[in-house]
Amino acid sequence: MNNISHSYKNDIKFKLKETSEHHENFFIIKGLYKDELVKKEDIIYIKADGNYIDLVSSKKEFPMKTSLKKIQSSLPKSFVRVHRSFIINIDFFDLKNLKDNTIVSLENHVIPTSKQYLSLMTN
């Protein structure tokens, strides 16, 4: 069951545009009135809920309709899946500071972790 409320679905104002190899360091995000460039290195984490994600950068949050699986293949190696619903940019996190199945970013974002994904990281 999808936990995103009906009103949230109506608030989706962004979508990823297809990018070429020329634009491999950033996403082009299509907004209602203008396109925005988001550097991949500025993305703190990506949270999924069904076929919807919140792409959270250091400057702005972008809710959009896509899946983690679709976006994961276009992310650099600094992005790691730590939970079935979260991918983090390890440049913003101290991976040594894991407590109670959570990890905290340098900006104080609290992200849940799962043993399954964390064991893949350490192997």
Side-chain angles (χ1 to χ4, degrees):
M1 178 112 192
N2 195 344
N3 294 330
I4 296 181
S5 69
H6 177 71
S7 62
Y8 181 77
K9 289 180 183 178
N10 292 336
D11 289 339
I12 301 297
K13 297 180 177 111
F14 302 100
K15 85 180 214 184
L16 283 176
K17 287 180 78 171
E18 292 295 324
T19 58
S20 66
E21 290 179 20
H22 181 70
H23 304 296
E24 66 185 28
N25 295 327
F26 55 86
F27 287 117
I28 300 173
I29 299 179
K30 182 171 175 49
L32 288 176
Y33 303 107
K34 67 177 183 172
D35 292 352
E36 296 192 46
L37 295 177
V38 177
K39 289 182 181 178
K40 292 179 182 180
E41 65 189 35
D42 290 341
I43 298 169
I44 300 170
Y45 68 92
I46 303 167
K47 176 185 177 185
D49 191 355
N51 288 326
Y52 295 87
I53 66 165
D54 284 326
L55 190 146
V56 179
S57 78
S58 54
K59 298 175 183 150
K60 191 172 180 179
E61 191 170 322
F62 299 94
M64 62 186 78
K65 186 172 183 178
T66 190
S67 67
L68 273 185
K69 188 175 184 176
K70 287 182 183 176
I71 200 169
Q72 188 171 13
S73 63
S74 60
L75 294 169
K77 292 183 181 187
S78 63
F79 285 84
V80 176
R81 194 154 188 175
V82 294
H83 186 273
R84 69 183 178 126
S85 299
F86 286 88
I87 294 175
I88 65 167
N89 182 345
I90 59 174
D91 294 337
F92 287 94
F93 291 84
D94 180 6
L95 296 179
K96 296 174 188 167
N97 193 12
L98 295 170
K99 295 180 183 174
D100 301 322
N101 293 328
T102 61
I103 188 169
V104 180
S105 75
L106 303 174
E107 286 81 15
N108 293 320
H109 298 281
V110 178
I111 307 297
T113 60
S114 108
K115 289 179 184 177
Q116 172 191 356
Y117 288 105
L118 289 177
S119 67
L120 292 174
M121 285 176 33
T122 57
N123 291 337

From [X] atom [atom1] to [Y] atom [atom2], the distance as rounded to the nearest 0.5 Å:
X	Y	atom1	atom2	result
Ile53	Ser85	CD1	OG	12.0 Å
Lys59	Ile44	NZ	CD1	11.0 Å
Asn51	Lys69	CG	NZ	11.5 Å
Thr66	Gln72	OG1	CD	11.5 Å
Leu55	Ile87	CG	CD1	9.5 Å

4.5 Å side-chain heavy-atom contact, [X] and [Y]:
X	Y	result
Lys39	Asn25	no
Val82	Phe93	no
Thr113	His83	no

Exercise: identify the closest heavy-atom pair between [X] and [Y]:
X	Y	answer
Ser74	Lys40	O-NZ, 2.5 Å
Leu37	Phe26	CD2-CE1, 3.1 Å
Ser57	Val38	CB-CG1, 4.2 Å

Practice item. May I ask you to decide if Ile43's main-chain N or O and Asn89's side chain share a donor-acceptor pair within less than 3.5 Å? Key: yes
Review point. Is there a side-chain contact (heavy atoms from CB on, under 4.5 Å) between Leu68 and Arg81 once you walk through the steps?
Key: CA-CA 9 Å; Leu68 273 185; Arg81 194 154 188 175; 3.6 Å; yes
Practice item. Test Asp91 against Glu41 for side-chain contact (heavy atoms from CB on, under 4.5 Å), laying out the working first. Key: CA-CA 8 Å; Asp91 294 337; Glu41 65 189 35; 5.8 Å; no
Review point. Could you go step by step and tell me if Phe27 and Leu75 meet the side-chain contact (heavy atoms from CB on, under 4.5 Å) rule?
Key: CA-CA 10 Å; Phe27 287 117; Leu75 294 169; 3.8 Å; yes
Practice item. Look at the rings of Phe86 and Tyr45 and say which category their plane angle falls in: under 30° parallel, 30 to 60° tilted, over 60° perpendicular. Key: tilted
Check your understanding: Between Val56 and Leu106, is there a shared hydrophobic cluster once you connect ILVMFWY residues whose side-chain heavy atoms come closer than 4.5 Å?
Key -> no
**Study point:** Pair Phe62-Glu36, side-chain contact (heavy atoms from CB on, under 4.5 Å): steps then yes or no
**Key:** CA-CA 10 Å; Phe62 299 94; Glu36 296 192 46; 3.7 Å; yes
